[in-house]
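Working notes, beginning with the structure itself.
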Amino acid sequence: MSLRLGDIAPDFTADSSAGKINFHEYLGDSWGILFSHPADYTPVCTTELGAAAKLKDEFDKRNVKMLALSVDGVESHKSWIKDINETQHTTVNFPIIADEDKKVSELYDMIHPNSNENFTVRSVFIIGNDKKIKLIITYPASTGRNFDELLRVIDSLQLTANYSVATPANWKLGEDVVIAPAIKNEDIPAKFPKGHKEIKPYLRTTPQPNL
Ligand code: BEZ
(Lines give C-alpha, C1' and ligand atoms only; values in the text may rest on other atoms or scores of the structure.)
Protein backbone atom coordinates (compact mmCIF):
# COMPACT_ATOMS: atom_id res chain seq x y z
CA MET A 1 0.00 0.00 0.00
CA SER A 2 1.32 3.42 -0.82
CA LEU A 3 2.36 5.87 1.85
CA ARG A 4 0.03 8.65 2.93
CA LEU A 5 0.40 11.88 4.87
CA GLY A 6 0.50 11.18 8.60
CA ASP A 7 2.01 7.70 8.20
CA ILE A 8 5.22 6.97 10.09
CA ALA A 9 8.06 7.21 7.55
CA PRO A 10 9.22 3.60 7.15
CA ASP A 11 12.63 2.95 8.67
CA PHE A 12 15.45 1.34 6.67
CA THR A 13 19.17 0.73 6.78
CA ALA A 14 21.05 1.30 3.55
CA ASP A 15 24.48 2.07 2.11
CA SER A 16 25.17 5.65 1.14
CA SER A 17 27.93 7.90 -0.09
CA ALA A 18 28.62 8.59 3.59
CA GLY A 19 28.53 4.96 4.81
CA LYS A 20 25.72 2.85 6.22
CA ILE A 21 22.71 4.84 7.37
CA ASN A 22 19.78 3.89 9.53
CA PHE A 23 17.11 6.36 8.53
CA HIS A 24 15.42 6.92 11.90
CA GLU A 25 18.77 7.19 13.68
CA TYR A 26 19.98 9.61 11.01
CA LEU A 27 16.90 11.78 11.58
CA GLY A 28 17.21 11.71 15.36
CA ASP A 29 14.97 14.49 16.70
CA SER A 30 15.22 16.50 13.48
CA TRP A 31 12.87 16.93 10.55
CA GLY A 32 13.98 15.27 7.32
CA ILE A 33 13.76 15.55 3.56
CA LEU A 34 14.21 12.34 1.57
CA PHE A 35 14.36 12.90 -2.18
CA SER A 36 15.00 10.47 -5.00
CA HIS A 37 16.40 11.17 -8.44
CA PRO A 38 16.44 8.93 -11.51
CA ALA A 39 20.15 8.31 -11.97
CA ASP A 40 23.70 9.50 -11.38
CA TYR A 41 25.52 11.28 -14.21
CA THR A 42 22.36 12.78 -15.67
CA PRO A 43 22.06 16.52 -16.36
CA VAL A 44 18.95 17.56 -14.42
CA CYS A 45 19.93 15.48 -11.38
CA THR A 46 23.37 17.09 -11.40
CA THR A 47 21.81 20.57 -11.21
CA GLU A 48 19.31 19.45 -8.56
CA LEU A 49 21.87 18.01 -6.18
CA GLY A 50 24.03 21.10 -6.68
CA ALA A 51 21.06 23.37 -5.88
CA ALA A 52 20.19 21.29 -2.81
CA ALA A 53 23.81 21.40 -1.56
CA LYS A 54 23.89 25.20 -1.86
CA LEU A 55 20.81 25.39 0.38
CA LYS A 56 22.15 23.02 3.09
CA ASP A 57 22.56 25.93 5.54
CA GLU A 58 18.89 26.84 5.04
CA PHE A 59 17.79 23.25 5.70
CA ASP A 60 20.08 23.20 8.79
CA LYS A 61 18.50 26.43 10.09
CA ARG A 62 15.13 24.69 9.96
CA ASN A 63 16.56 21.57 11.65
CA VAL A 64 15.94 19.45 8.54
CA LYS A 65 18.33 16.58 7.69
CA MET A 66 18.80 16.01 3.96
CA LEU A 67 19.02 12.59 2.31
CA ALA A 68 19.08 11.90 -1.45
CA LEU A 69 18.61 8.53 -3.14
CA SER A 70 19.03 6.77 -6.45
CA VAL A 71 19.42 3.15 -7.50
CA ASP A 72 23.09 3.64 -8.42
CA GLY A 73 25.90 2.27 -6.25
CA VAL A 74 28.15 3.93 -3.68
CA GLU A 75 31.20 4.20 -5.97
CA SER A 76 29.08 5.79 -8.69
CA HIS A 77 27.67 8.29 -6.19
CA LYS A 78 31.14 9.16 -4.90
CA SER A 79 32.59 9.87 -8.34
CA TRP A 80 29.46 11.71 -9.52
CA ILE A 81 29.62 13.95 -6.41
CA LYS A 82 33.02 15.17 -7.69
CA ASP A 83 31.33 16.19 -10.96
CA ILE A 84 28.48 17.92 -9.11
CA ASN A 85 30.95 19.84 -6.95
CA GLU A 86 32.97 20.85 -10.00
CA THR A 87 30.14 21.83 -12.33
CA GLN A 88 27.72 23.34 -9.80
CA HIS A 89 30.44 25.14 -7.77
CA THR A 90 29.42 23.64 -4.47
CA THR A 91 30.16 20.77 -2.09
CA VAL A 92 27.59 18.02 -1.75
CA ASN A 93 27.28 17.88 2.00
CA PHE A 94 24.54 15.31 2.60
CA PRO A 95 24.47 11.55 1.94
CA ILE A 96 23.08 9.90 -1.19
CA ILE A 97 21.54 6.47 -0.56
CA ALA A 98 22.83 3.76 -2.90
CA ASP A 99 19.64 1.78 -3.39
CA GLU A 100 20.96 -0.82 -5.85
CA ASP A 101 18.57 -3.51 -4.63
CA LYS A 102 15.67 -0.99 -4.79
CA LYS A 103 14.66 -1.85 -1.24
CA VAL A 104 14.09 1.75 -0.19
CA SER A 105 12.62 2.80 -3.54
CA GLU A 106 10.02 0.08 -3.23
CA LEU A 107 9.33 0.87 0.43
CA TYR A 108 8.63 4.50 -0.54
CA ASP A 109 6.97 3.72 -3.91
CA MET A 110 9.56 5.77 -5.78
CA ILE A 111 9.53 3.63 -8.92
CA HIS A 112 6.58 4.34 -11.20
CA PRO A 113 6.69 1.61 -13.84
CA ASN A 114 4.50 3.52 -16.31
CA SER A 115 7.17 6.22 -16.24
CA ASN A 116 10.25 3.97 -16.07
CA GLU A 117 10.58 0.44 -14.71
CA ASN A 118 14.19 0.78 -13.64
CA PHE A 119 14.65 4.21 -12.17
CA THR A 120 13.16 6.22 -9.34
CA VAL A 121 11.11 9.28 -10.22
CA ARG A 122 11.77 12.58 -8.45
CA SER A 123 9.95 11.86 -5.20
CA VAL A 124 10.07 14.17 -2.21
CA PHE A 125 9.09 13.19 1.33
CA ILE A 126 9.20 15.72 4.14
CA ILE A 127 9.18 14.07 7.53
CA GLY A 128 8.41 15.79 10.84
CA ASN A 129 10.37 15.41 14.05
CA ASP A 130 7.65 12.95 15.10
CA LYS A 131 8.80 10.73 12.14
CA LYS A 132 5.44 11.24 10.40
CA ILE A 133 5.23 12.06 6.71
CA LYS A 134 4.13 15.68 6.30
CA LEU A 135 4.39 16.08 2.53
CA ILE A 136 4.73 13.89 -0.55
CA ILE A 137 5.40 15.31 -4.01
CA THR A 138 6.26 13.48 -7.21
CA TYR A 139 7.92 15.13 -10.20
CA PRO A 140 8.68 13.45 -13.52
CA ALA A 141 12.29 12.87 -14.60
CA SER A 142 12.06 15.74 -17.07
CA THR A 143 11.36 18.42 -14.45
CA GLY A 144 13.97 19.51 -11.94
CA ARG A 145 12.66 20.48 -8.52
CA ASN A 146 12.58 23.94 -6.97
CA PHE A 147 14.38 23.61 -3.64
CA ASP A 148 13.40 27.14 -2.60
CA GLU A 149 9.79 25.98 -2.85
CA LEU A 150 10.59 22.99 -0.64
CA LEU A 151 12.04 25.34 1.99
CA ARG A 152 8.90 27.47 1.72
CA VAL A 153 6.74 24.40 2.34
CA ILE A 154 8.88 23.43 5.33
CA ASP A 155 8.37 26.94 6.75
CA SER A 156 4.63 26.45 6.41
CA LEU A 157 4.68 22.92 7.87
CA GLN A 158 6.75 23.97 10.87
CA LEU A 159 4.61 27.03 11.54
CA THR A 160 1.29 25.25 11.22
CA ALA A 161 2.53 22.40 13.43
CA ASN A 162 2.76 24.86 16.31
CA TYR A 163 -0.03 27.40 15.74
CA SER A 164 -3.70 27.11 14.74
CA VAL A 165 -3.07 28.71 11.37
CA ALA A 166 -2.75 27.76 7.71
CA THR A 167 -0.74 29.51 5.01
CA PRO A 168 -2.46 31.00 1.96
CA ALA A 169 -1.48 30.65 -1.69
CA ASN A 170 2.10 31.70 -2.45
CA TRP A 171 2.71 32.55 1.22
CA LYS A 172 6.26 33.31 2.21
CA LEU A 173 7.90 33.65 5.62
CA GLY A 174 6.85 36.92 7.26
CA GLU A 175 3.53 37.30 5.44
CA ASP A 176 0.10 37.17 7.06
CA VAL A 177 -1.42 33.74 7.65
CA VAL A 178 -4.96 32.39 7.77
CA ILE A 179 -6.58 31.59 11.12
CA ALA A 180 -7.76 27.97 11.23
CA PRO A 181 -11.53 27.64 10.70
CA ALA A 182 -11.83 25.69 13.98
CA ILE A 183 -10.89 28.80 16.00
CA LYS A 184 -13.97 30.67 17.24
CA ASN A 185 -14.04 34.46 16.79
CA GLU A 186 -14.19 35.00 20.53
CA ASP A 187 -10.95 33.03 21.03
CA ILE A 188 -8.96 34.97 18.44
CA PRO A 189 -7.73 37.91 20.60
CA ALA A 190 -6.16 35.59 23.20
CA LYS A 191 -4.63 33.30 20.60
CA PHE A 192 -3.50 35.98 18.17
CA PRO A 193 -2.67 39.11 20.18
CA LYS A 194 -1.07 40.82 17.14
CA GLY A 195 -4.59 41.41 15.80
CA HIS A 196 -6.57 40.01 12.93
CA LYS A 197 -8.66 40.96 9.90
CA GLU A 198 -12.00 39.38 9.06
CA ILE A 199 -12.27 39.54 5.28
CA LYS A 200 -15.18 37.07 5.30
CA PRO A 201 -16.46 35.06 8.27
CA TYR A 202 -14.53 32.08 6.89
CA LEU A 203 -11.43 34.09 5.85
CA ARG A 204 -9.64 35.61 8.82
CA THR A 205 -5.97 36.58 8.70
CA THR A 206 -3.38 37.48 11.30
CA PRO A 207 0.32 38.43 11.25
CA GLN A 208 2.64 35.45 11.37
CA PRO A 209 2.42 34.52 15.07
CA ASN A 210 6.00 33.37 15.70
CA LEU A 211 7.82 36.53 14.57
C1 BEZ B 1 18.22 14.09 -15.80
O2 BEZ B 1 18.46 14.09 -14.59
O3 BEZ B 1 18.73 14.90 -16.54
C4 BEZ B 1 17.28 13.07 -16.38
C5 BEZ B 1 17.21 11.81 -15.83
C6 BEZ B 1 16.37 10.89 -16.40
C7 BEZ B 1 15.58 11.25 -17.50
C8 BEZ B 1 15.64 12.55 -18.01
C9 BEZ B 1 16.50 13.47 -17.43
Side-chain angles (χ1 to χ4, degrees), residues 1-5 9-10 12-21 23 26-27 31-60 62 64-127 133-155 157 170:
M1 205 179 81
S2 58
L3 294 171
R4 303 234 169 115
L5 301 187
F12 58 83
T13 298
D15 284 332
S16 85
S17 55
K20 215 174 249 317
I21 283 185
F23 188 44
Y26 175 71
L27 291 176
W31 286 59
I33 178 167
L34 172 66
F35 55 104
S36 59
H37 56 272
D40 295 357
Y41 296 105
T42 50
V44 176
C45 301
T46 301
T47 62
E48 277 195 325
L49 269 74
K54 286 178 188 162
L55 289 173
K56 168 92 166 30
D57 285 351
E58 292 298 321
F59 284 96
D60 284 348
R62 292 159 175 84
V64 179
K65 293 263 180 78
M66 305 169 79
L67 189 57
L69 175 148
S70 82
V71 296
D72 296 298
V74 168
E75 290 314 313
S76 166
H77 286 345
K78 284 185 178 167
S79 352
W80 179 46
I81 284 172
K82 290 184 199 147
D83 278 9
I84 300 171
N85 293 347
E86 176 197 326
T87 61
Q88 307 305 303
H89 313 291
T90 188
T91 303
V92 172
N93 36 20
F94 50 82
I96 309 176
I97 295 286
D99 191 33
E100 284 184 291
D101 60 5
K102 303 192 172 104
K103 198 177 74 183
V104 183
S105 315
E106 281 163 10
L107 195 58
Y108 278 80
D109 202 19
M110 291 165 163
I111 295 178
H112 295 202
N114 290 333
S115 171
N116 189 307
E117 280 185 9
N118 300 315
F119 302 122
T120 43
V121 289
R122 298 186 198 281
S123 300
V124 182
F125 292 85
I126 294 176
I127 293 138
I133 297 173
K134 307 295 180 188
L135 173 114
I136 303 173
I137 324 183
T138 307
Y139 294 70
S142 53
T143 304
R145 284 160 285 202
N146 182 332
F147 285 82
D148 289 319
E149 164 62 3
L150 296 174
L151 286 170
R152 190 193 74 87
V153 174
I154 288 167
D155 286 336
L157 289 168
N170 300 331

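When a ligand or atom number is given, it counts from 1 through the structure's own listing order.
- Taking the six-membered ring where the residue is Trp, His37 and Trp80 present tilted rings, their angle falling between 30° and 60°.
- Applying the 4.0 Å criterion to heavy atoms of Thr42 picks out, from ligand 1, the atoms 1 (C), 2 (O), 3 (O), 4 (C), 5 (C).
- Residue, atom and distance of the protein heavy atom nearest to atom 7 (C) of ligand 1 are Ala141 CB, 3.6 Å.
- Under 4.0 Å is where a charged nitrogen must lie from a carboxylate oxygen, and between Glu58 and Arg62 at least one such pair does.
- Between the side chains of Ser2 and Asp109, no donor-acceptor pair of N or O atoms lies under 3.5 Å.
- For Pro43, a nitrogen or oxygen atom sits less than 3.5 Å from a nitrogen or oxygen atom of ligand 1, counting backbone and side chain alike.
- The nearest protein atom to atom 3 (O) of ligand 1, hydrogens excluded, is given as Val44 N, 2.6 Å; this is a heavy-atom distance.
- Counting only N and O atoms by type, the side chains of Asn93 and Thr91 include no donor and acceptor under 3.5 Å apart.
- Protein heavy atom closest to atom 4 (C) of ligand 1, with residue, atom name and distance, is Arg122 NH2, 3.6 Å.
- For the pair Lys56 and Phe94, the cation-pi criterion (under 6.0 Å, within 45° of the ring axis) is not fulfilled.
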